[in-house]
Amino acid sequence: MGRYVVRRLLQMIPVFIGATLLIFLMVNVMGDPIAGLCGERQCDAATAAQLKKEFGLDKPVWQQYLTYMGNVFTGDFGTAFNGQKVTELMATAFPITIRLTVVAILIEIVIGVTLGVITGLRRGSAVDTSALVLTLVVISVPTFVTGLLLQLLLGVEWGWIKPSVSTDATFGELIVPGLVLASVSLAYVTRLTRTSIAENRRSDYVRTAVAKGLPRRRVIIRHLLRNSLIPVVTFIGTDIGALMGGAIVTERIFNIHGVGYQLYQGILRQNTQTVVGFVTVLVLVFLLANLIVDLLYAVLDPRIRYA
Amino acid sequence: MRGATHAKWAACAAAVALAATGCGGDSGSGSSGGDSSAVLSSSWGDPQNPLEPANTNEVQGGKVLDMIFRGLKRYDPKTGAAKDMLAEKIDTTDSQNFTITVKAGWKFSNGEAVTAKSFVDAWNYGASLKNNQKNAYFFGYIEGYDKVHPETGTQTADTLTGLKVTGDRTFTVKLTQKFSTFPDTLGYPAFAPLPQAFYTDHAGWIKKPVGNGPYTVQSYTKGSKMSLRKWDAYPGTDKAQNGGVDLKVYTDNNTAYTDLMAGNLDLVDDVPAAQLKNVKSDLGDRYLNTPAGIIQTLAFPFYDKDWNTSGAVKVRQGLSMAINRQQITDTIFQKTRTPATDWTSPVLGTKGGFQDGLCGSGCEYNPSEAKKLVKEGGGLPGGQVKITYNADTGSHKEWVDAVCNSINNALGNDKACVGNPVGTFADFRTQITQKKMSGPFRAGWQMDYPLIQNFLQPLYYTNASSNDGHWSNKDFDKLVNQANTETDTTKAIGIFQNAEKVVRDNMAAIPLWYQNGSAGWSERLSNVALNPFSVPVYNEIKVG
């Protein structure tokens, strides 16, 4: 197990370097960021040169990348164009997005798994069919449509919520945005759980458990669900990274100033430091989430062991 | 049905939780009837640069500076005329040497007095190359600028030789050339005075700027919110009529508008294009759509041989006449733009140099004449024009497509004009500065100060800061120089208009339309107006 973890951690290094290098190159291809800083007019040459020097943009790209990576290892992610440290931006943005992701994941787990279990146990019933139709609708409607619709109905028409989230972005305020963010994955979780449950229901160990006379509740939760959750856990695990990065649309609709907002702003202003910094952290989150998922396998199914 | 009940329960819990926080969030000053202590909330965009007077060149940061600073002059929110604010008098005999006297009794909100030194130090700071101030060129007319801010290399001086403090409240300014309208430029935020605290604790000042305007910054969370409160000891006559303003950052002005509709926001100063159709029924009288000092044009790359031929003038005129401005402003912009008939803006007023119809038939839609002119001029270079624009902000794609459509119809050629989108504004600017444009490109100009000089010189003077097309014309340059030396303002404006006619005769840029500022507000507010810079006049807004 220990060696497996070490190997996985070592594998993360090339992925990490490759991903950041790619982002670095992509942002640099977009042109000279200083050109956009002075608005519709051209920056005067002297100021532009001075700014380039300050942000290290006067050096060749490979040198910029090396300096950047060197700094990252000392915890210095550079300075955004508005004079703020990128680490400072991260300190305000990540907690908000993490809260949003937690809300989304909780919604996925609670509603998705419950719905999946119910429909999986009663395949072909009215509940099952309606859940299937519902998930199909959710999957096919784009997030921004669901988001704007909920915002309009709950926020403006009925006045249940505020259409935008305040600076504090408390858990309560994030429930609706979290639901929107989770919606598509929620549908997948439901369907995955449903199929998995339906499949395992007929397996030998479930029959044995029923034959032993165990209570139905125990059969479902301890035996059936535990084994059926493996594909679901994989999905939710990889989804963590996707949700954090993909929050751009949801965060924009509900005016949440999290990672998506900073990334969007960074891309628009072509702020290399912000974009690369945030993506670097997101890549790390993604890699770690995947590692945790793989380790969880062993917990859920003792037959899976890593040497 | 267990799953279904779970879902319902979750939704109800969500509603309750949100309603509870919703009630807690309000500032809760429950009084009514013109409450001068009530606070209003307004939409805001994240300023791109650190908030320093000489470093702020966009509307969002400018909005704050207008609330916390007062300069020597102030542009009248209604007429745009430059009026004395902190300036007691500005004397000159030759339009080149100015003696400025600062009014007594003005203070910064931290108690420091505003003196002549507050201005001179601030201007020296703004001009100095090592401070990276993006508006440094505003001080370019002052003697010694080339030492403090050389075009290349390092600076050899820290202060401008043209600035001298001659007394506690007096200082002199010496310019490198005659510039008769110089005093009128002093209302621009870059010329604001700065307190000593700015230099002694710069980082602290940036976190919480201190000025001498009707508002003080109570708290500032970068990228999210700024709370401004009325400064009770403000010595000026334009005291705030409300208790303060909370500026909230929105990434998407659609969300801001939704918030306004839900009663979660009091003022939106940029009604999104998509909502313009509903705005009348949504807000009724609580909507404003007034001209601002912004003109949009199509600029041409005069560094490109194809566009610098003798016949190209006719091609440019032809293209201008092929654009149905009225139809585009009516349908695409829902009348929030006005077809342009000159190269300035109606906010200048006829006294200030705006001349309705100066462009003449060249700006009127005339497809047959357009076709004829383009043919006479030798046809379109390369058989096709590509209009370059940045696709990331504004609704540039919509109008560029419409303009192209109009040109194609007029010229009877499906491929005469196509749009050429560029991904980001920064990339668009890069391509412009690197002279990579091969055809017309989007150009916009938001005035710095309401002067006709500001609409002409930076845009069309040889090698001027915003002359992106690199147009150069001796007659034009000569007229501008002449106008700047003219001490009589009315005469100066007349000469500027003659210079504008040179722009017209060469069709140096195709004027498209004047942009309006728009605003929508909640029932709590009254007396809302936009100044000529399309920024709300916050201090005059009444709440309750």
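Residue numbers start from 1 in every chain, and the chains themselves are labelled A, B, ... in the order their sequence lines are given, proteins ahead of strands. Both backbone and side-chain heavy atoms feed into the values below; hydrogens, waters and symmetry mates do not.
Contacts of Ile253(A) with chain B are made by backbone atoms alone, with heavy-atom separations under 4.5 Å and no side-chain atom involved. Heavy atoms of Asp46(B) lying under 4.5 Å from chain A belong to its backbone as well as its side chain. For Glu157(A), no part sits under 4.5 Å from any heavy atom of chain B, backbone or side chain. Only the side chain of Asn57(B) has a heavy atom closer than 4.5 Å to any heavy atom of chain A. Contact of Thr47(A) with chain B is made through backbone and side chain together, with heavy-atom distances under 4.5 Å.
Per-residue heavy-atom pair counts under 4.5 Å with chain A were compared for Asp468(B), Leu51(B), Val249(B), and the maximum is reached by Val249(B). The residue among Lys130(B), Lys225(B), Gln155(B), His149(B) with the most heavy atom pairs within less than 4.5 Å of chain A is His149(B). Listed options Asn271(A), Val156(A), Thr92(A), Ile107(A) were ranked by heavy-atom pairs under 4.5 angstrom with chain B; first place goes to Val156(A). Counting heavy-atom pairs under 4.5 Å between each of Glu151(B), Lys222(B), Glu58(B) and chain A puts Lys222(B) at the top. Residue with the most contacts toward chain A among Ile432(B), Asn467(B), Asp448(B), Thr152(B): Asp448(B) (heavy-atom pairs, distance under 4.5 Å). Note on Lys134(B), Gln48(B), Met261(B): by heavy-atom pairs under 4.5 Å with chain A, the leading option is Gln48(B).
For Asp266(B), the salt bridge (Lys or Arg N to Asp or Glu O under 4.0 Å) test picks out Arg524(B), with sequence neighbours left out. Among residues two or more places apart in sequence or in another chain, the side chain to side chain donor-acceptor pair (under 3.5 Å) test is passed with Gln84(A) by Asn82(A), Glu88(A).
Counted within 6.0 Å of OH on Tyr303(B), heavy atoms from surrounding residues, nucleotides or ligands total more than 12; the atom is thus considered enclosed. Counting heavy-atom neighbours within 6.0 Å of Tyr188(A) OH, excluding the residue itself, gives a total of 12 or less.
Note that OG1 of Thr258(B) is 7.0 Å distant from CG of Leu152(A), once rounded to the nearest 0.5 Å. Atoms CD1 and OG, on Ile256(A) and Ser224(B) in that order, are 12.0 Å from each other to the nearest 0.5 Å. Note: Tyr261(A) OH to Asp252(B) CG = 12.0 Å, rounded to the nearest 0.5 Å. Residue Ser166(A) holds its OG atom at 9.0 Å from CG of Asn264(B), rounded to the nearest 0.5 Å.
Looking only at distances, no side-chain donor or acceptor of Tyr250(B) sits under 3.5 Å from a matching main-chain atom of Arg252(A). Of the possible donor and acceptor atoms, one in the side chain of His257(A) sits under 3.5 Å from a partner among the backbone N and O of Gly223(B).
Using a 4.5 Å heavy-atom cutoff, the side chains of Tyr264(A) and Thr251(B) are in contact. Counting heavy atoms from C-beta on, the side chains of Pro163(A) and Thr255(B) never come closer than 4.5 Å.
Annotation for Ala46(A) and Pro150(B): closest pair CB-O, 3.1 Å, computed over non-hydrogen atoms.
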